[in-house]
Amino acid sequence: MSPTPRTALTIAGSDSGGGAGLQADLRTFFACGVHGMTAVTAVTVQNSLGVQGFTEIPADVVTAQIKAVSGDMGVDAAKTGMLATADIIQAVAKTLDEVHIGRHASIPFVVDPVAASMHGDALLREEALEAIRTELFPRATIVTPNLDEVRLLTGLTVTDAESQREAAKLLLELGPQWVLVKGGHMHDDPHCVDLLSDGAQFVELAGVRHETEHTHGGGDTLASAITASLAKGLGVPDAVSTAKRFIERSVAESYPLGAGVGPVSPFWRLDHEQI
Ligand code: PXL
């Protein structure tokens, strides 16, 4: 028998291609040594070429999954990815309050405000964006938008360090404790500078940009690595810098799969010789 590891819950959609969504979260949780649990919100039909469609799970089934695992197994940290509809978002917010997950309770909560796949396919019904702002952001320990999501949420187009800081301030007004504005899509910059802020501190986290087209699941992997570190008890700045190192290596070790975009890979963390 082994000691029980820390636990992390992802509330997210399934990617049939296995590289993003809850599959990316589980790969990451596993590689980071925490026990991963899932509340499935939607089932996407997709491969390396894009998302062909999705069906959402009824909101009461999403609620029941969260309650089932939190009541019995316990959740040390949780995250959201694809949430699909306003109904699901409202149900998730209400349930998280009931099970004491979120910035005002004792359990860290990471919100990755997923709106679209990297191919531009919608993963969130249009009317649901407002629910992310009003229902999820005020409950979040940290939110992790990319620059497209920043534009959708604030109307601001980030082009440089100054507008990135402005975006962080606007996002913090929506109520999260911390915001990580990911700069990965500012392609003219050879470095990939993310801005982490709680309103008092503004920390620029520079990383190396790896030249690969195979970055499917990158955002999910970063957010779930942050979640895993928070589940292990790290504070937010340490959790984010640990997760940045984790995603950089996972992007460097991404692999081609299918005719389109291959996934980032957290497998470098595992000792393949052991099995
Ligand atoms: O990477 C964002 C994302 C989240 N969740 C699901 C996805 C994707 C991207 O394709 O398919 C289910």
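Quick caveat: nothing in here was measured; it's all calculated off a predicted structure. Order of appearance sets the numbers: ligands from 1, and atoms from 1 within every ligand. Quick note: residue numbers are just sequence positions, from 1.
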Rounded to the nearest 0.5 angstrom, the OG1-CE distance for Thr10 and Met37 is 10.5 Å
Check whether Leu180 and Leu136 end up in the same hydrophobic cluster, where Ile, Leu, Val, Met, Phe, Trp and Tyr are linked by side-chain heavy atoms less than 4.5 Å apart. no
Run through all N or O atoms in ligand 1 and write down each protein N or O closer than 3.5 Å, as a pair with its distance.
from	atom 1	to	atom 2	distance (Å)
ligand 1	1 (O)	Asp220	OD1	2.6
ligand 1	1 (O)	Asp220	OD2	3.4
ligand 1	11 (O)	Gln46	NE2	2.4

Under a plain distance cut-off of 3.5 Å, with no hydrogens placed, do Gln46 and Ser117 share a side-chain donor-acceptor pair? no
Any salt bridge between Glu98 and Lys67, counting N to O under 4.0 Å? yes
Please say whether the positively charged group of Arg139, taken as NZ for Lys or CZ for Arg, lies over the ring of Phe109, i.e. under 6.0 angstrom from the six-membered ring centre and within 45 degrees of the axis. no
Kindly compute the distance separating CG (Asp87) from CD (Gln90), expressed to the nearest 0.5 Å. 6.5 Å
